[in-house]
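Following: one structure in structure tokens, then a few remarks.
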Amino acid sequence: MTQQTYRGLRAVAIRRLPDHVDQEVLVQGWLHNKRSKGKLHFLQIRDGTGLVQAVVAKGKIDEAVFEAAGELTQESAVRVIGKCVADERAPSGVEIQPSFLECVSKSEEFPITKKEHGTAFLMEHRHLWLRSRKQAATMRIRNEAIHAIRDFFYQRDFYCMDSPMFTPNACEGTSTLFQVKYFEDQAFLTQSGQLYGEASAMALGKIYVFGPTFRAEKSKTRRHLTEFWMVEPECAYYDLDDVMALAEDFVANIVTRVLERCRPELDVLERDVSKLEPSTSTPYPRVSYAEAEKILEGDETFVSGDDFGAPHETKIGERFDRPVMIHRYPAAIKAFYMKHDPENSDLALCVDMIAPEGYGEMIGGSQREDDYETLIGRVREHELSEADFRWYLDLRRFGSVPHGGFGLGLERTVAWLTGAEHLRECIPFPRMLYKIYP
RNA sequence: UCCCCGAUAGCUCAAUGGUAGAGCAUUCGGCUGUUAACCGAAGGGUUGUAGGUUCAAGUCCUACUCGGGGAGCCA
């Protein structure tokens, strides 16, 4: 048995139809929309790979089939066999002239119609919203970005070394974590795989962690999710300059790949690709925290020495046509594991990459503290549990080397690539503050 | 946690304190090249909940509930 062949024909993906012009094809999908004009029905059929129209003409097909086509409702499942022909009048350049049409399953009245809907309504119907053109296009771009990420690391001899989702303690001790019951004990959902990534890098040299991360912060903005995907490369024998070089190569590679392979999707999303093109080439601009501060001169909302807020990042990001890397923040506002600048111990050897067009912080990274005594001092200063960090401190006892890495937020990257208004459109089923349905 | 905005037909929205309306969706009719097709007709409402002001409240006031955006935090 197979569903992939029917009446002697193998199903063709709609995206591949231009390769099958003047052939008899089988298309299996759903009715996206129908435009009926008397003795002519235009059926817009989608199958997840694309959209094609089938033209059902009275007199050229069984009367019963013509009638049935007229009764198809939006999102009914349909199977069509017919000749694939090129026609200028067809939206996709090709169309199908059916000789056979079967309604596999008639759809009830579909909640998402051709007119506009509010986001609250659409999110409530996320499971159905994913069928719409723009949402599907966004998901295909997300897919391409994921493959670009894995290929980038594979080609450079990085090993995928995923970190656990369950952790016994907070990684950084800063953000709020989700608590879960772990048999008789308490555990947390990971907020970063980095510390485990460091252990993996000491084992395999260059590694990356790629998985979901969880933040219980009560953030309620278009730039936040409580569950999101993060890629975290970590490399032995890397300093801050190496980390920044890797970060810009990495992002430029993703942008280039998406521009090469996702033009139809970017068109559907009406993304202005000229805004992305500069980001395909490196180097990316690098400014120190001190230099970034000067850009904000005169901004009364900014306090020197503090971290940049979202509006400040936007303001700095707008100065450049591609992502900008801000490095060497005051160590006081950064995590305990970051190495301090030997030239100014008040600064951390860290970098944030800010996306253009106000998409915010895409990457956060640093060179890590590799000296045992210094690190244990920091653990104490931050009042973290030495016992919990025993294994992490061990990494500095057994052949410690300079190392570093960064974390890239997948959804923020996809949001920037697609020009999405909300991060929640960049993941199939977003988890947000108080929102866990569907 | 704090600040701002909103809630009217299945959906998106309109309605000077005075008879609650349109487009889409649905149903019926028309149309052989539609591009969110179009044209004609029909059904569809306890205006988020509870109070209050008023001769009269969708509209003004109070509280609550739910939703949206932003701040902080970060990817």
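Just so it is clear, the structure is predicted and the values come from calculations on it, not from any experiment. A, B, ... follow the sequence lines: proteins, then strands. Residue 1 opens every chain.
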Quiz item: What string of B, S and - do you get for nucleotides 21-28 of chain B, 5' to 3', if B is base contact, S is sugar-phosphate-only contact and - is no contact with any protein heavy atom under 4.0 Å?
Solution: --SSSS--

Exercise. Measure the distance between the ring centre of H224(A) and the centre of the six-membered base ring of C74(B), then answer whether it is under 5.5 Å with planes under 30°.
Key: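 Aromatic stack with C74(B) present for H224(A).
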
Quiz item: Between R156(A) and D249(A), is there a side-chain N and carboxylate O pair less than 4.0 Å apart?
Solution: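 No salt bridge links R156(A) with D249(A).
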
Quiz item: Can a donor-acceptor pair be found between the side chains of E232(A) and S192(A) at a distance below 3.5 Å?
Solution: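 Yes - a donor-acceptor pair under 3.5 Å links their side chains.
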
Practice problem: Round to the nearest Å and state the distance from K58(A) atom NZ to C31(B) atom C1'. | Solution: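 From K58(A) NZ to C31(B) C1': 12 Å.
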
Quiz item: Quick one: side chain to side chain donor-acceptor pair (under 3.5 Å) pairs with a partner in residues 311-323 of chain A, sequence neighbours left out?
Solution: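 Found T301(A)-H312(A).
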
Angle class for the [X]/[Y] ring planes (parallel below 30°, perpendicular above 60°, tilted otherwise)?
X       : Y       : value
F121(A) : H125(A) : tilted
Y329(A) : F308(A) : perpendicular
F406(A) : F250(A) : tilted

Between [options], which nucleotide has the shortest distance from any of its atoms to the side chain of [X]?
X       : options                : answer
A310(A) : G33(B), A71(B), G68(B) : A71(B)
N33(A)  : A36(B), A75(B), A71(B) : A36(B)
R35(A)  : G33(B), A36(B), G69(B) : A36(B)
R223(A) : U34(B), A71(B), A75(B) : A71(B)

Any protein N or O atoms within reach of nucleotides 3-9 of chain B? Criterion: under 3.5 Å, listing atom names and distances.
none

Practice problem: State which residue, out of M353(A), Q367(A), H327(A), fulfils the side chain to side chain contact (heavy atoms under 4.5 Å, CB included) condition with M244(A). | Solution: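 Running side chain to side chain contact (heavy atoms under 4.5 Å, CB included) over M353(A), Q367(A), H327(A) with M244(A) returns exactly one hit, H327(A).
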
Exercise. Provide the distance between the two C1' atoms, one in A7(B) and one in U26(B), to the nearest whole Å.
Key: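 The answer is 25 Å between these two C1' atoms.
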
Quiz item: Would a line drawn from the ring center of F110(A) to the ring center of W30(A) be shorter than 6.0 Å?
Solution: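 No, too far apart.
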
Quiz item: Whom does C73(B) pair with, Watson-Crick or G-U wobble, provided both distances fall under 3.5 Å?
Solution: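 Looking at the geometry, C73(B) pairs with no nucleotide.
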
Practice problem: Give a yes or no on whether a donor-acceptor pair under 3.5 Å exists between the nucleobase atoms of G33(B), that is its base, and the side chain of E95(A). | Solution: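 Looking at the base of G33(B), it does pair with a donor or acceptor on the side chain of E95(A) (distance under 3.5 Å).
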
